[in-house]
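In what follows, a structure is listed as structure tokens, so that the remarks can point back to it.
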Amino acid sequence: MLSSATALPELSDPRVSALWSHARSLVGARLGDIADGLGLPVPVGNTRTKGWSGQIIERELGGTEETTHGPDFAALGIELKTVPVDRLLRPVESTAVCVIDPISIAAESWSTSHVRKKLARVLWVALKVPGRGPGFSVGDREVAGAALWTPCASEESLLASDFEMFVHEYFRKGRAAEITGHLGQVLQVRPKAANNRDSRRAFNNQGESVRVGKSGFYLRPAFVGAILRASL
DNA sequence: GATTGATCATAC
DNA sequence: GTATGATCAATC
């Protein structure tokens, strides 16, 4: 089991280097071709495709024995994130990190947070998107690069600052309902739910039990873009 | 055109 | 329903 006191596996761990090599070998490949190699169908027509890109890369890198969910490559402490980018490696979407429990997060600090653990080591796989909407297929997205990232001191400082702001100013004050996507320099709190009636238990500023929209942490596109440009 | 709030797909 | 993977689309 991983705990906050457990160090990340060494980068020299054979399993880490194998995963890294595998990811690098995908650069230039079309998602459609990767899916074909896995024997998986490529969505066609007006079929919705949310999540498909990430699933394909996860299954490709996970190998044939991958059967369970949970933290990506948990044994290696690695979180896999695919991110759609334009031709200049600029993310065209924000990156979801994890959902938030409005009650338990009030007791967290950055150093002990679930978010920090999730972001401690991320394998970014950038996917070049030729276009979206009718006329474009997710199968035509191409792996533009892969980066194994651990936040540097300045990046962690930005993340910690935003995190503590959300916790101190909002969650601990029972003001979770007042949070909007405008807050946070690099980390946002935005809805992350099936729909806007999907809620979670919380407390208001009177200490009364209320429900607030289910939300999660997201990384802003500019922040992820800087990571990719520095790594690819 | 970029951003925020809303929503979708799949597996358990 | 919950969790994990994200993208859609109305609004700024």
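No hydrogens, no waters, no symmetry mates; every other heavy atom, side chains included, goes into these values. The sequence lines fix the lettering, A, B, ..., with proteins before strands; numbering per chain opens at 1. What you see is a predicted model, and the numbers here were worked out from it, not measured in a lab.
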Quiz item: Please walk me through it: do A/E156 and A/R116 pass salt bridge (Lys or Arg N to Asp or Glu O under 4.0 Å)?
Solution: CA-CA 9 Å; A/E156 177 139 6; A/R116 182 179 185 234; 2.7 Å; yes
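- Among the heavy atoms of the strands lying under 4.0 Å from A/K192 is at least one base atom, whether or not backbone atoms are also near.
- Computed from coordinates, the A/H182 NE2 to B/dT4 P distance equals 5 Å when rounded to whole Å.
- Distance, A/E178 CD to B/dG5 P: 13 Å, rounded to whole Å.
- The CG atom of A/L19 sits 8.0 Å away from atom CG of A/L80, with the distance rounded to the nearest 0.5 Å.
- Closest of all the heavy-atom pairs between A/A146 and A/L232 is O-CD2, 3.1 Å.
- Among the heavy atoms of the strands lying under 4.0 Å from A/R200 are primed sugar atoms or P, OP1, OP2 only; no base atom is included.
- Nucleotide C/dT4 holds its P atom 18 Å from the NZ atom of A/K50, rounded to whole Å.
- Taking 4.0 Å as the cut-off between side-chain N and carboxylate O, A/K173 and A/E178 do not count as a salt-bridged pair.
- Atoms CD (A/E93) and C1' (C/dG5) sit 13 Å apart, rounded to a whole Å.
- For the pair A/R141 and C/dT7, the criterion of a side-chain N or O lying under 4.0 Å from OP1 or OP2 is met.
- In this structure, A/F163 and A/F217 have tilted ring planes: the angle between them lies in the 30° to 60° band.
- In this structure, A/G51 reaches the bases: a heavy-atom distance under 4.0 Å links it to at least one base atom across the strands shown.
- Annotation: of the two residues near DNA chain B, A/P221 and A/K214, the 5′-most nearest-nucleotide partner is A/P221.
- Distance A/R190 CZ to C/dT11 P: 16 Å, rounded to the nearest Å.
- For A/S94, no side-chain nitrogen or oxygen approaches OP1 or OP2 of B/dT3 to under 4.0 Å.
- Between A/N195 and the phosphate of B/dC8, there is no side-chain N or O to OP1/OP2 separation shorter than 4.0 Å.
- The nucleotide whose nearest atom lies closest to any side-chain atom of A/K81 is, among B/dT3, C/dA6, B/dA6, C/dA6.
- Rounded to whole Å, the distance from CD on A/Q185 to P on B/dT4 is 13 Å.
- Taking for each of A/L183 and A/A193 the nucleotide of DNA chain B with the nearest heavy atom, the 5'-most of the two is the partner of A/L183.
- The side chain of A/P84 has C/dT7 as its nearest neighbour among B/dA6, C/dA6, C/dT7.
- Distances shown here put every side-chain N or O of A/R132 at or beyond 4.0 Å from the OP1 or OP2 atom of C/dT7.
- Neither OP1 nor OP2 of B/dA6 sits under 4.0 Å from any side-chain N or O of A/R197.
- Counting all heavy atoms, side chain and backbone alike, A/G139 lies closest to A/V42 at CA-CG1, 3.9 Å.
- In this structure, CD1 of A/I56 is placed 12 Å from C1' of B/dA9, rounded to the nearest angstrom.
- Within the structure, every side-chain polar atom (N or O) of A/Q55 is placed at least 4.0 Å from both OP1 and OP2 of C/dT4.
- Taking the nucleotide of DNA chain C with the nearest heavy atom to each of A/L127 and A/H114, the more 5' of the two is matched to A/H114.
- In this structure, OH of A/Y218 is placed 12 Å from C1' of C/dC8, rounded to the nearest angstrom.
- Between A/R48 and C/dA9 there is a side-chain polar atom (N or O) within less than 4.0 angstrom of OP1 or OP2.
- Nearest-nucleotide positions on DNA chain C place A/V99 closer to the 5' end than the other of A/G133 and A/V99.
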